[in-house]
**Q** 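Got a structure for you, questions after.
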Amino acid sequence: PMLIGYAAKVPFDVRVLIATRPYALARLRAQAGAFAHAEAVDTLSVEPLSAAETKALAEEVLLTFGGAAELAEPIARATQDCPLVTVMAARIAATEKLPPGLALDTQAFRDTIMGKFAKVITGDLAGPGDQKAIEDILQVIALVQPLGLEDHKFRGLVVSVAKLEY
């Protein structure tokens, strides 16, 4: 709300670009509506990546993290419906030196990647002592989204579930 409030009040023309999932559009329009600018919210759909684009994305990430480029094709086949999973799968395959044969079983490969997904994300955010708390917070977010980080009820829920000090 602060960003939209600022954009609505400044005396010059301001454009705000927000990338979001479709389910958050109603929330954005409501926030803009609070400043009589709901009609100003415009959308642009992003088309899914093609098979070739998904393969190129996987290959780029594999090479960046020292992985084998030949894994790009099976990773792309297993993850084409979600570019974020493509990136994470390629990163995990490269850094964890996953056996190439695992990528041939699409479901097993996705399950392995998703099992390591939270570890990869939280490993860069927190030290070993805070890893469990970060994973718990991610679980709460996954269950209750969409959410507002400024929502005190949400914060209370996270504190309770993750057993954090507030």
Side-chain angles (χ1 to χ4, degrees), residues 3 15-29 31 41-151 153-164:
L3 179 62
R15 310 268 176 184
V16 178
L17 175 65
I18 299 173
T20 185
R21 299 268 185 188
Y23 61 76
L25 186 56
R27 176 180 231 148
L28 284 174
R29 287 188 192 214
Q31 290 176 357
V41 175
D42 196 9
T43 61
L44 172 69
S45 295
V46 178
E47 297 300 319
L49 297 180
S50 68
E53 291 168 328
T54 304
K55 180 182 175 190
L57 177 60
E59 189 171 307
E60 181 179 339
V61 175
L62 283 164
L63 295 176
T64 298
F65 288 95
E70 61 267 14
L71 286 174
E73 178 77 33
I75 288 172
R77 265 196 322 273
T79 65
Q80 186 172 354
D81 61 330
C82 183
L84 176 60
V85 177
T86 302
V87 170
M88 294 308 299
R91 179 178 173 181
I92 291 168
T95 58
E96 303 258 338
K97 306 297 183 208
L98 294 182
L102 182 61
L104 299 176
D105 181 347
T106 302
Q107 190 59 50
F109 186 70
R110 281 186 77 108
D111 291 346
T112 300
I113 295 305
M114 295 312 285
K116 295 178 180 288
F117 186 79
K119 180 181 176 210
V120 169
I121 290 175
T122 60
D124 292 339
L125 293 177
D130 295 326
Q131 187 92 20
K132 174 82 168 88
I134 298 291
E135 289 174 8
D136 290 346
I137 292 168
L138 288 175
Q139 289 288 338
V140 173
I141 291 171
L143 289 171
V144 301
Q145 68 175 319
L147 55 99
L149 295 177
E150 69 282 351
D151 182 344
K153 290 180 183 176
F154 167 72
R155 288 182 182 181
L157 177 64
V158 167
V159 167
S160 173
V161 170
K163 298 177 180 58
L164 302 174

**Q** Can you find a pair of side-chain heavy atoms, one from T86 and one from L49, that are under 4.5 Å apart?
**A** no

**Q** Identify the heavy atoms of V61 and V87 that sit nearest to each other, and give their distance.
**A** CG1-O, 3.6 Å

**Q** Run the side-chain hydrogen bond (donor to acceptor under 3.5 Å, both in side chains) test against T54 and tell me which residues pass, sequence neighbours left out.
**A** none

**Q** Not counting sequence neighbours, which residues clear side-chain contact (heavy atoms from CB on, under 4.5 Å) with E59? List them please.
**A** K55, L63, A69, A72

**Q** How far apart are the closest heavy atoms of A58 and I75, and which atoms are they?
**A** CB-CG2, 3.9 Å

**Q** Can you name the side-chain contact (heavy atoms from CB on, under 4.5 Å) partners of L157, sequence neighbours left out?
**A** V140, V144, V161

**Q** Distance check, rounded to the nearest 0.5 Å: M88 atom CE versus T79 atom OG1?
**A** 12.0 Å

**Q** Passes side chain to side chain contact (heavy atoms under 4.5 Å, CB included), R29 versus T43? Steps please.
**A** CA-CA 11 Å; R29 287 188 192 214; T43 61; 3.8 Å; yes

**Q** Where do A51 and A76 come nearest, in terms of heavy atoms and distance?
**A** O-CB, 4.5 Å

**Q** Could you check if a side-chain atom of L25 sits within less than 4.5 angstrom of a side-chain atom of T20, using non-hydrogen atoms only?
**A** no

**Q** Would you confirm whether E53, through its side chain, and S50, through its main-chain N or O, come within 3.5 Å as a donor-acceptor pair?
**A** yes

